[in-house]
*Asks:* 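What follows is a single structure, and I will ask about it in a moment.
Scope of the values below: all heavy atoms of this structure, side chains included, with no hydrogens, waters or symmetry mates.
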Amino acid sequence: FRVPPPIPAAATRAIMTAQAPWPAEVLQGNMEAGNPSPRPSFQHLRDSAWQTIGDATVDGDERTRHWREWCKFCTEHNFSYYLDGMPKSERDDALLAFAVLVREGHIGNGRQVGVQSVEKALRHVAQKFVLDRKFDPRRSNAGQRDLDLPFKRLLKSYKDADPVPRPKLAIPVSTVKRIAEGYNMSDHHSAVGD
């Protein structure tokens, strides 16, 4: 078995840029690092993955707004944005206080909001923590499924205090009655209706 001679760098560059589905500038960093692979660099792959993760949300503006309000809240109270160096009880207190701030409408239009808005704001803040490789501040352990008891009880209390949602009809009953009254029923329609 004979090992083929190495391909000159210029030829490797030409082969890689001609065959690879990635832009030449992506591959250039790989070649300069001494890796003549027709694959993009790890940095490019990682950046692409995180860009895709960032684009995967449908509520990006709202998520950004909640994080901005969280940062403002932390700054006002001299907390690190990620609650670094704080005991669990103080981290809980900070996040619970933020939940009350949201509930009372201080980051919205000034009116009290429902439990779903509070839950969403807390979830957005926690998602930012996790995406930045920090802990979810609503949970004691990384693998824990349920929220810690203080958060569960606060949200349950808000849910119980919220007015019961009233179902709304897609079409008012009066519209259906008007259509039925104005409809000219033939013998055929009557027979089908029976």
*Asks:* Is the CD atom of Q144 crowded by more than 12 outside heavy atoms at less than 6.0 Å?
*Replies:* yes

*Asks:* How close do S80 and C74 get, heavy atom to heavy atom, and via which atoms?
*Replies:* O-SG, 3.9 Å

*Asks:* So, using salt bridge (Lys or Arg N to Asp or Glu O under 4.0 Å) as the criterion, who are the partners of D146 when residues are at least two apart?
*Replies:* none

*Asks:* What I want to check is whether the side chains of D47 and Q43 have a donor and an acceptor closer together than 3.5 Å.
*Replies:* yes

*Asks:* Working to the nearest 0.5 Å, report the span between OG of S157 and NZ of K152.
*Replies:* 14.5 Å

*Asks:* If you measure from the Lys or Arg side-chain nitrogens to the Asp or Glu carboxylate oxygens, is any gap between K156 and D160 under 4.0 Å?
*Replies:* yes

*Asks:* Just how far is it from atom CG of L101 to atom CG of L96, taken to the nearest 0.5 Å?
*Replies:* 12.5 Å

*Asks:* Give me the atom names and distance for the closest heavy-atom approach of R103 to D162.
*Replies:* NH1-OD1, 2.7 Å

*Asks:* Give me the one residue out of K88, R153, R91, R138 that meets salt bridge (Lys or Arg N to Asp or Glu O under 4.0 Å) with D148.
*Replies:* K88

*Asks:* Are P87 and E90 close enough that some pair of their side-chain heavy atoms sits under 4.5 Å apart?
*Replies:* yes

*Asks:* By the salt bridge (Lys or Arg N to Asp or Glu O under 4.0 Å) test, which pairs, at least two apart or in different chains, include something from residues 111-129?
*Replies:* E62-K120, K128-D132

*Asks:* In terms of hydrophobic clusters joined by side-chain contacts under 4.5 Å, are F135 and V130 together?
*Replies:* no

*Asks:* Only counting residues at least two apart or in another chain, list the ones meeting ring pair (Phe, Tyr, Trp, His ring centres under 6.0 Å) with F73.
*Replies:* W70, H77, F98

*Asks:* State which residues pass ring pair (Phe, Tyr, Trp, His ring centres under 6.0 Å) with Y82; sequence neighbours excluded, sorted by chain then number.
*Replies:* W67, F129

*Asks:* Within the 4.5 Å heavy-atom criterion, are E104 and V113 side-chain neighbours or not?
*Replies:* no

*Asks:* Any donor-acceptor pair under 3.5 Å linking the side chain of T175 with the backbone of I171?
*Replies:* no

*Asks:* What pairs with D93 under side-chain hydrogen bond (donor to acceptor under 3.5 Å, both in side chains), at least two apart in sequence or on another chain?
*Replies:* none

*Asks:* Counting distance only, does the side-chain N/O of T64 pair as donor-acceptor with the main-chain N or O of G60 below 3.5 Å?
*Replies:* yes

*Asks:* Which residues satisfy the salt bridge (Lys or Arg N to Asp or Glu O under 4.0 Å) test with R139, sequence neighbours excluded?
*Replies:* D136

*Asks:* Kindly indicate, with the supporting measurements, whether the criterion side-chain contact (heavy atoms from CB on, under 4.5 Å) is fulfilled by F79 and D84.
*Replies:* CA-CA 8 Å; F79 301 142; D84 297 321; over 6 Å; no

*Asks:* Taking the side chain as every heavy atom from C-beta outward, state whether L122 and V102 have any atom pair closer than 4.5 Å.
*Replies:* no

*Asks:* Distance-only, no hydrogens or angles: does the R63 side chain make a donor-acceptor pair with backbone N or O of H124 under 3.5 Å?
*Replies:* no

*Asks:* In terms of hydrophobic clustering (I, L, V, M, F, W, Y; side-chain heavy atoms under 4.5 Å; direct or indirect links), are L83 and V100 co-clustered?
*Replies:* yes

*Asks:* Once rounded to the nearest 0.5 Å, what's the spacing between atom CG of D92 and atom OG of S140?
*Replies:* 7.0 Å

